Number of protein chains: 2
Amino acid sequence: MPAPTLRSLARELGLSRTTVSDALCGSLRVKAATAERVRAAAKAAGYERNPLTGAVMSQLRRSRTQQFRGVLAAVELVEDVRSGIAVRYNSALLAGISERASQLGFNVERFVVGPQGVRIKRLDTILHTRGIQGVVLLPASGFPDLTALDWNRYTAVYTDYFIDHPPLHCVCSDHYRSMIALLRDLHERGYRRPGLFMEIPLSERLQYRWEGAFLAVQNAVPDISAVPTLRLQEITRSSFEAWFRKYNPDVVIGHSPEAVTWMKSTGARLPKTHGFVCLNVLRTNGNCATLDLQTAELGARAAELVVGQLLHNELGIPTQPSLTTIPARLIDGPTLRSAPRQRSPRHQSTSSIPPSIDSSRPLSLQEA
Amino acid sequence: MPAPTLRSLARELGLSRTTVSDALCGSLRVKAATAERVRAAAKAAGYERNPLTGAVMSQLRRSRTQQFRGVLAAVELVEDVRSGIAVRYNSALLAGISERASQLGFNVERFVVGPQGVRIKRLDTILHTRGIQGVVLLPASGFPDLTALDWNRYTAVYTDYFIDHPPLHCVCSDHYRSMIALLRDLHERGYRRPGLFMEIPLSERLQYRWEGAFLAVQNAVPDISAVPTLRLQEITRSSFEAWFRKYNPDVVIGHSPEAVTWMKSTGARLPKTHGFVCLNVLRTNGNCATLDLQTAELGARAAELVVGQLLHNELGIPTQPSLTTIPARLIDGPTLRSAPRQRSPRHQSTSSIPPSIDSSRPLSLQEA
DNA sequence: CGAAGAAAAAATGACTGTCAGAATTTTCCG
DNA sequence: CGGAAAATTCTGACAGTCATTTTTTCTTCG
C-alpha cells in the first residue's frame, strides 16, 4: 500500500484536497466538525504531510511571476562583543553558504540570536511561521545551547568542530591535516627547526589540533628538531622574543603576523635567514605566507549538507552526528623561501618528508 | 513578462515538457539537434530551472513507482595478502554500507580488484555495462590509484583518510577526537600517567592522529605525566616490558591486547594497579576495555553520501574533496577501574579534564 | 411561507519538473 | 516495399497551496 496522500485521503472522505489541507492546517474556513473528522482519518491512515512540497507549493502559488525558492536560515549566536576576526570569518562563511544555496535553489536569510538580536524561543516562532526548515549555525563562542528549538521541524548543521546541545552534524576546517601538510611543505623548502606559538584559549577551542599535529611530526620525523611550543594565554612581544632567541627556530608558525616585526627586531632577515607562516589568512594583509582555511568552501559544504537532508525530508537531530572537514590551502608569501626547483630522486626516497599541503602526494612520511 | 517555465518554453518550441526537460538535462533520449535547439532557446529566454521543484518532483515520481533504485558497487583493492584485522574491518564496513543502502533502495555488490580479482580497466567495463554509477571504495593498503576509471560516469566515496588518485570524498573514523575523548574519560577515572605504544607503519597510515592527540593532551594538561610513547616498527614483548618497567604508566593504550599478559607478567594487577585500553575492538575478544570505531556507522554514512550524490545526478570527481568522520565509542571492560560515582562540583571546575568520549560534555579542557 | 440576499463551507484550477511507459516517427534490411 | 527494430517524442499522473468559483446553509422580510 502506497503512502497516503492528500488526494487519497480526500477521496476516502468524499472531500476535496483543499478542504483536507485546510482542515489539517487548522484553517477557520472549514467547519469544526469536518476538521475533526479529517484529522481523525488522517491519523488513522498514517498520513504525513510532505513539508518540502508544501513549502514549494506555497511559494509557487503566492508569487506567480517572481522566481520562487526555498529559504535557509543562517543563525548567528552573539553573546557578547566579538573580535573583528570572528566577524570576518562568519561573513566569509555566510558568503559561501549563500552562493552554494543559491545554486541549489535556496535563498539564505541571516538571523542573530542573543542580546543584540532575538531570543531563541522567538527564533523558533519566526522560523516556523516562515516555513523555514533548513538551518546553518555559524560558529559561536563557548558551547551553544539550542535545545529550546523544536528540532522535529528543522534540519541543521553547525559550522565548527563540535556542538552537543543538540548534537548536530558539523562542518569545519581540518586543522590537523593542514598542519601536517604545512610541515611537509616547509620540510621540502629545507626548514628543519619549525617553531610554533599559540594562545591557550584558541588552542583549547580547537582541541589542540594545531599543536597535536605539530608535536606528532616533531616526534616522528628524525631530522626535525624539537623546538618547544610557546604556549601562553596571550602572546606578548617580550615573551615571543625571549622564546625566539632561546630556541632560534628557522621557521615560525602562529596566528599573529606581528611576529614578523618581532623576529626582525632580533636580527632575523626574512625570508633569507628565517621564515614565517600565519595560520589564518584573515589576520594578514597579504604580506606574509599564510593558510587559507577555505571558509567559503566550508560554507558551501554546510549548505549542501542541509539542503541534501531537506530534500530527503530528514528533519530532526541525527542519530549519529558526523564531522565533515576540508583542508586548508597554503598561500605563499614573501616570508618563506621557495622550495628547491628540482628534487633529486634520493631526496624523494628519504623517510622524512611531511605530507604536502596540496594533497598532490601521499600523506605518509614514507613515500609509497 | 513572467519568468519562463518548462511549459512555456515547450509551447514556444512546439515540443513537449518532457523533451525540453530531457534536453536540458543532457539525456541521450533526445536527438542532438533538438537538444541544441532547446538549449539555445532556453538561454535566449533566460530560463532557469527551479532545482527545488525538480527535486520534489523527482522524489515524488520515484517513490510512487519503483521500489528498487539501483546498485552500488563496493570495490576492494587487494594488492597482496591482507591481515585478518583488515579483512574483518572491511566486512564490517560492507555490512554497514549494505544495510543503509538497502534502506535507501539500493543493492550492494562487491567487486575485488587486483591479482585475486579483475583489473581496473575491466571493472570500468563491468560497471558501465551493468549501469552502476555509485561506488564505495573500501580501504586499500598503500595509496590506491583508480584514475583509470572513466570518472564522468561514477560518483564515489573512499572509506579511509585519504585518496588522491583521484581526489574523492572520504569517510573515516575520527581517531584524533576519539583519543582526546578517551584520555578525558581515563582522567575522570583517576588515571594520571597514561602511556601509549604504537607500531610505526600504522601510525604513519593514520598521519599520527593517535599520537598527535596523545602528545597534545600530555603537553597541555598539567596533571598528566609525560610518559614517552613506545614507538617501534613492531611491538615485541621484551621492548614492551622494558618500556613498561621503566616508565610505569598507570594506564596503557595501544593496539595489541597481548599487552595485558605482558603487564601482568611484570607484576601489574588489572584493574587494581594498572589499566589497559585496546584501540580497536576488532583485535579483542571482549576481555578488555576497547574502542569501537563504529565501522557500521561509517559504512552507512558512506552509502548515504554516494546515494545523495546519485539522486542529484552529481557524477564525477568533486571540486573540493572533503573528509567526513565519526568518533569512536568506548566499550568498558575488566581492564579499567570505574569512575568515582559522584563528581564534586569542585572536581568539575578544574582545568584538566580531557573531553569525554560520549560527547555529553564540552570538549575543551576548560569546562564552560 | 417563500424568495432574495448574505454568509459559510467546500470545490476547482493552475502551478512547478520528473519519470515510466505509450505513441509516434525514422532507420534499416531483406 | 514490408515489416521489424530503433530512435525520438509525447502523455499522464503526481505533490500541496491558495485565489477564485461554486455549492450549501442561514437569515430576513414582504
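Within every chain, numbering begins at 1; the chains are lettered A, B, ... in the order of the sequence lines, protein sequences first and strands thereafter. Please read all numbers here as calculations on a predicted model, not as lab measurements.
A donor-acceptor pair under 3.5 Å is formed between the side chain of B/Tyr158 and the backbone N or O of B/Ala140. Proximity of a side-chain donor or acceptor of A/Trp151 to a complementary backbone N or O of A/Ala156 within less than 3.5 Å is not detected. Counting only distance, with no hydrogens or angles, the side chain of B/Thr159 and the backbone of B/Leu137 share a donor-acceptor pair below 3.5 Å.
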Using the 3.5 Å cut-off, write out each protein N or O paired with an N or O of nucleotides 24-26 of chain D and the distance between them.
none

Taking N or O atoms only and anything under 3.5 Å, show me the protein contacts with nucleotides 25-27 of chain C, one pair per line.
none

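Rounding to whole angstrom units, CG of residue B/Asp22 and C1' of C/dG17 are separated by 11 Å. Note: CG (A/Leu6) to C1' (C/dA11) measures 13 Å, nearest angstrom. Atom CZ in A/Arg37 sits roughly 14 Å away from atom P in C/dA9 (whole-Å rounding). The CE-P distance, from A/Met57 to C/dT18, rounds to 13 Å in whole Å. Between A/Leu15 atom CG and C/dT12 atom C1' there is a gap of 14 Å when expressed in whole angstrom units. Remark: P of D/dA15 and CG of A/Leu311 are 18 Å apart, rounded to the nearest angstrom. The interatomic distance linking B/Glu36 (CD) with D/dT8 (C1') rounds to 17 Å, in whole Å. The distance from atom CG of A/Leu24 to atom C1' of C/dA10 is 15 Å, rounded to the nearest whole Å.
Every residue meeting the ring-ring contact (aromatic ring centres under 6.0 Å, His included) condition with A/His312, not counting sequence neighbours, appears here in chain and number order: B/His312. The side chain to side chain contact (heavy atoms under 4.5 Å, CB included) search around B/Gln320 returns A/Gln294, A/Glu297, A/Ile326, A/Pro327, not counting sequence neighbours. Residues passing the side chain to side chain donor-acceptor pair (under 3.5 Å) test with A/Thr324 are B/Thr324, sequence neighbours excluded. B/Glu36 is linked by a side chain to side chain donor-acceptor pair (under 3.5 Å) to B/Arg39, counting only residues two or more places apart in sequence or in another chain.
Heavy atoms of B/Val30 sit under 4.0 angstrom from primed sugar atoms or phosphate atoms, though from no base atom. In this structure, A/Gly14 reaches the sugar-phosphate backbone alone: every heavy-atom distance under 4.0 Å involves primed, P, OP1 or OP2 atoms, never a base.
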Please tabulate, one pair per line, all N/O donor-acceptor pairs under 3.5 Å involving side-chain atoms of residues 16-24 of chain B, not counting sequence neighbours.
from    : atom 1 : to      : atom 2 : distance (Å)
B/Ser16 : OG     : B/Thr19 : N      : 3.4
B/Ser16 : OG     : B/Thr19 : OG1    : 3.0

Using atom types as modelled, flag every donor-acceptor pair under 3.5 Å from a side chain in residues 88-97 of chain A to any protein atom, sequence neighbours excluded.
from    : atom 1 : to       : atom 2 : distance (Å)
A/Arg88 : NH1    : A/Leu282 : O      : 2.7
A/Arg88 : NH2    : A/Leu282 : O      : 3.2
A/Asn90 : ND2    : A/Glu76  : OE2    : 2.7
A/Ser91 : OG     : A/Arg88  : O      : 3.1

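Put simply, B/Tyr47 has a side-chain N or O that comes within less than 4.0 Å of OP1 or OP2 on C/dG17. Using a 4.0 Å cut-off, no side-chain N or O of A/Ser58 falls inside it from OP1 or OP2 of D/dG16. One finds no side-chain N or O of B/Thr53 lying less than 4.0 angstrom from the OP1 or OP2 phosphate oxygen of C/dT16. OP1 or OP2 of D/dC10 lies within a sub-4.0 Å distance of a side-chain N or O belonging to B/Ser16. Taking only side-chain nitrogens and oxygens, A/Ser21 comes nearer than 4.0 Å to OP1 or OP2 of D/dT17.
Sorted pairs that involve residues 96-117 of chain A and meet ring pair (Phe, Tyr, Trp, His ring centres under 6.0 Å), not counting sequence neighbours, are lacking altogether. Applying the salt bridge (charged side-chain N to carboxylate O under 4.0 Å, His left out) test to pairs two or more places apart or on separate chains, those with a residue in residues 299-314 of chain A are A/Arg100-A/Glu304, A/Arg301-A/Glu304. The salt bridge (charged side-chain N to carboxylate O under 4.0 Å, His left out) contacts involving residues 120-136 of chain A comprise A/Glu109-A/Arg130, A/Asp124-A/Arg153, where partners must be two or more places apart or lie in separate chains.
Contact annotation: side chain of B/Arg17 to base of C/dT18, donor-acceptor pair present below 3.5 Å. One donor-acceptor pair, N or O on each side, does fall under 3.5 Å between the base of C/dT12 and the side chain of A/Thr18.
Each end of the helix from C/dC1-D/dG30 to C/dG30-D/dC1 gets its own rotation axis from five pairs of C1' atoms, and the angle between them is 60° to the nearest 10 degrees.
Nearest-nucleotide positions on DNA chain C place A/Thr34 closer to the 5' end than the other of A/Thr34 and A/Arg7. Projected onto DNA chain D by closest heavy-atom contact, A/Arg49 and B/Thr19 fall at different nucleotides, the more 5' of which corresponds to B/Thr19.
Across C/dG17, C/dC19, C/dA11, the shortest atom-to-atom separation from the side chain of B/Asn50 is found for C/dG17.
When side chains are defined from C-beta on, A/Leu310 counts as touching A/Leu72, because their heavy atoms get closer than 4.5 Å.
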